[in-house]
Number of protein chains: 2
Amino acid sequence: MTTFRGVNSLAEENYLKALFNLAGESGVVNVNELSRHLNIKMPTVTSMMKKLSAKNLVHYESYKPLKLTEEGEKRAAAIIRKHRLTEMFLVEKMGFGWEQVHDIAEQIEHIQSPLFFEKMDALLGYPKFDPHGSPIPDKDGKMKWKEFHKLSDCLPGEEVILGAVINNSSEFLQFLNSRDLRLGLSISILSVESFDKTMVVHYENHPAETLSHTVCERLLVDKQ
Amino acid sequence: MTTFRGVNSLAEENYLKALFNLAGESGVVNVNELSRHLNIKMPTVTSMMKKLSAKNLVHYESYKPLKLTEEGEKRAAAIIRKHRLTEMFLVEKMGFGWEQVHDIAEQIEHIQSPLFFEKMDALLGYPKFDPHGSPIPDKDGKMKWKEFHKLSDCLPGEEVILGAVINNSSEFLQFLNSRDLRLGLSISILSVESFDKTMVVHYENHPAETLSHTVCERLLVDKQ
DNA sequence: TTATAAAGTTAGACATATCTAACAAATATT
DNA sequence: AATATTTGTTAGATATGTCTAACTTTATAA
Ligand SMILES: [Mn+2]
Ligand SMILES: [Mn+2]
Ligand SMILES: [Mn+2]
Ligand SMILES: [Mn+2]
C-alpha cells in the first residue's frame, strides 16, 4: 500500500517547518543553521534544498541564504498549526503537562487528516495560542506574536505578566514547573545584578526568586 | 535528526500488523496473501520477510508459509493495541463516527509514545473492545474474541445481539449507519431466502429489513 | 591584502523500500 | 503422468534520504 503521505514526505515536512521556525525578521536561513538545527549534515541539506526548490517551496541559489516561497511558507505554517493544536489538545483535553507535549506533537504534526485537526480545533474552542504561548497559525497560515518583551530586558520595579516561553525543552519547562512559573503569572522585578544580569523577582507566594539571565532571556512578558 | 522510530520502521510495523491480522487459527500466512493485503508486490514481501526473519520476528523458510515468532506477535499486538485504542478514543472522546476512524488510526498506531497511549487508555477507562467490536490486546499482547456467530449462520426465529463487524471499511459502516445498525442492537431473524441466503430481520423500529448474505457474513452476533 | 577559517557544494557511497522481468517450485487440471 | 497455473524467489533497477571526503566560495583575521 502506497502509505499515503500527502504532498510532501515526512522528511520534507520537517525541513519546511525548520525553515519557518528559524526564519527571523528577514525570513532567511543559512544552510549551516538549518543543518545544525535538524542535526543533518550540510550536503544533505543542500540536496534537499534543491529538491524543495524544484517543487517551488524554497528559493535556492548557490551560496545564498535560503528562503521559503509563499507556497512553502503556507505548507510550513500548516504543519506548525497541527503541531501547536496538538500540544494544546494534549494539555487541555488529555491532561499532559506543558513539558511533555512537544515530542508527541513532533510526530502527530505529520498526520494526514484535515478532519482530525478540525475536530481538535473545535473541541478546544479555536485557540489562538499553544501551551507555551506561541501563536497557532490560522488555516491561511497567518499568525501574529503578541508584542512581548524578554523578561531580561525589563527593569526593577516593573510588574509584568508571563506570556510565553521561548524554549520548549522539557528540561527548561520542568525547571519552570519547579518554581511554579507558568503563563499568566504576574511577576514583579525586585532587582537586577549588574554583574551577571541575574534577576530577583517576586510572584505569588514566592517572595524572592532568583533567576539567571539565561532563564530570563527565555521568558516573554507583557507589560500591560 | 534521526527521526526516532522505535525498534521497527514504519514499513516493518505495517508488515507485522498485517501478519497478525491475517493469521487465522493456524497462525500462518502466505506470501501471496500478505502481498495482496498490503498491496505490495511479492518479491518485496519476500525480501522484507527475510529481513524480519533476521530480526527474529518472523519464521521464514523458502516456499513455506509465514508465521510470526513470539516476539513478532508481541510487537504486532502492541501496534494493534495502539490502533484500536486510538479508534476508541476518536469515537468516544472526539466525536467521530465509527466509519471515520480507521484511516486516522492507521497513522496514529505508529506514534512512539507509551505515555500517549497510556493516557488514552486511562481516559477511556481501560476499554476491552474497539468501536467495531474487536478486542483490544492488553499490554502483554493478549486478547480474546468473544464467542460470536456470523449472523449468516443463524436461523429464523433466533434473537441475537450485534456484537462486532468483520469489515471496517467506511463504505460498509456507512451502509450500516443508513440502516441504523450498530453494536448492541437486538435483532430478530424473520426469514432466510434459501436461494441467495438473503435474510429478513427485525430490530428497533425497522419491522422488516432485508440484508444480503454478503452483509450478514460480516456481522458477528451473540446468541445470549 | 593575503592567509585562514567557516560555510557551502560536488561526487560518490550506502541503507531502505519499492518495482519489473525472468526463473523455479509447488499445486491444480487434464 | 504430463501440462498448465499459481505461488514464490532471484536478480537487477529505481527513488528517497542519509553520509563522508574532497573541493570551492565566502567571510574573517592577520
Ligand atoms: Mn512544540
Ligand atoms: Mn516532526
Ligand atoms: Mn481499524
Ligand atoms: Mn499503519
Side-chain angles (χ1 to χ4, degrees), chain A residues 1-19 22-24 26 28-55 57-68 72 75 79 106-107 110 112, chain B residues 1-19 22-24 26 28-55 57-68 72 75 79 106-107 110 112:
Chain A
M1 158 203 31
T2 341
T3 303
F4 183 60
R5 286 245 70 281
V7 227
N8 296 293
S9 71
L10 200 139
E12 287 172 346
E13 289 196 350
N14 282 331
Y15 281 95
L16 290 173
K17 191 168 65 108
L19 282 165
L22 291 175
S26 61
V28 306
V29 181
N30 298 319
V31 172
N32 187 258
E33 229 183 314
L34 188 51
S35 165
R36 271 182 290 112
H37 182 79
L38 290 171
N39 209 0
I40 286 175
K41 296 293 181 291
M42 284 204 291
T44 308
V45 171
T46 296
S47 81
M48 182 58 93
M49 289 308 104
K50 287 176 172 173
K51 188 178 167 197
L52 292 178
S53 170
K55 293 189 179 186
L57 299 174
V58 169
H59 293 295
Y60 173 79
E61 286 178 85
S62 289
Y63 299 105
K64 294 223 268 173
L66 309 162
K67 194 165 197 270
L68 286 169
R75 302 264 176 100
I79 301 160
E106 202 61 47
Q107 299 177 66
H110 304 289
Q112 301 294 323
Chain B
M1 162 199 30
T2 344
T3 304
F4 183 62
R5 283 246 71 280
V7 229
N8 297 292
S9 71
L10 200 139
E12 287 171 347
E13 289 196 349
N14 282 332
Y15 281 94
L16 291 172
K17 190 167 67 110
L19 282 165
L22 292 175
S26 61
V28 305
V29 181
N30 299 319
V31 172
N32 187 259
E33 229 182 314
L34 189 51
S35 163
R36 270 182 290 112
H37 182 80
L38 290 171
N39 209 0
I40 285 174
K41 297 292 180 291
M42 283 204 290
T44 308
V45 171
T46 297
S47 81
M48 182 58 95
M49 289 308 104
K50 287 177 173 174
K51 188 178 166 195
L52 292 178
S53 170
K55 293 189 178 187
L57 299 173
V58 169
H59 293 294
Y60 173 78
E61 285 178 85
S62 289
Y63 298 104
K64 293 223 268 173
L66 307 162
K67 193 165 198 270
L68 286 170
R75 302 266 176 99
I79 300 159
E106 203 61 47
Q107 300 176 64
H110 304 289
Q112 302 293 323

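Order of the sequence lines sets the chain letters (A, B, ...), proteins ahead of strands, with each chain counted from 1. Small disclaimer: the values here were computed from a predicted structure and weren't measured.
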Any protein N or O atoms within reach of nucleotides 9-11 of chain D? Criterion: under 3.5 Å, listing atom names and distances.
residue: dT9(D); atom: OP1; partner: Y60(B); partner atom: OH; Å: 2.2
residue: dT9(D); atom: OP1; partner: Y63(B); partner atom: N; Å: 3.3
residue: dT9(D); atom: OP2; partner: T46(B); partner atom: OG1; Å: 2.6
residue: dT10(D); atom: OP2; partner: K50(B); partner atom: NZ; Å: 2.2

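- In this structure, the NZ atom of K41(A) is 15 Å from the C1' atom of dG8(C), given to the nearest Å.
- Rounding to whole angstrom units, CD of residue E13(B) and C1' of dT16(C) are separated by 15 Å.
- Here N32(A) pairs with R36(A) under the side-chain hydrogen bond (donor to acceptor under 3.5 Å, both in side chains) rule; sequence neighbours left out.
- With sequence neighbours left out, K64(A) forms a salt bridge (charged side-chain N to carboxylate O under 4.0 Å, His left out) with E61(A).
- Under 4.0 angstrom from either OP1 or OP2 of dT18(D) there lies at least one side-chain N or O belonging to Y15(A).
- Rounding to whole angstrom units, CE of residue M48(A) and P of dT18(D) are separated by 6 Å.
- Residues that satisfy the side-chain hydrogen bond (donor to acceptor under 3.5 Å, both in side chains) test with K17(B), not counting sequence neighbours, are E106(B), E109(B).
- A straight line from CG of L10(B) to P of dT16(D) spans 17 Å, rounded to a whole angstrom.
- Nearest heavy atoms, L34(B) versus A18(B): CD1-CB, 3.6 Å.
- Note: CD (E33(B)) to P (dG8(D)) measures 9 Å, nearest angstrom.
- Look at CG on L34(A): it is 11 Å from P on dT9(C), rounded to the nearest Å.
- E12(A) is linked by a salt bridge (charged side-chain N to carboxylate O under 4.0 Å, His left out) to K51(A), K55(A), counting only residues two or more places apart in sequence or in another chain.
- In this structure, S9(A) does not reach the dT16(D) phosphate: none of its side-chain N or O atoms is under 4.0 Å from OP1 or OP2.
- The distance from atom CG of N32(A) to atom P of dT26(D) is 16 Å, rounded to the nearest whole Å.
- With rounding to whole Å, R36(A) atom CZ is found 11 Å from dA6(C) atom C1'.
- Residues forming a side-chain hydrogen bond (donor to acceptor under 3.5 Å, both in side chains) with H110(A) (at least two apart in sequence, or on another chain): E13(A), N14(A).
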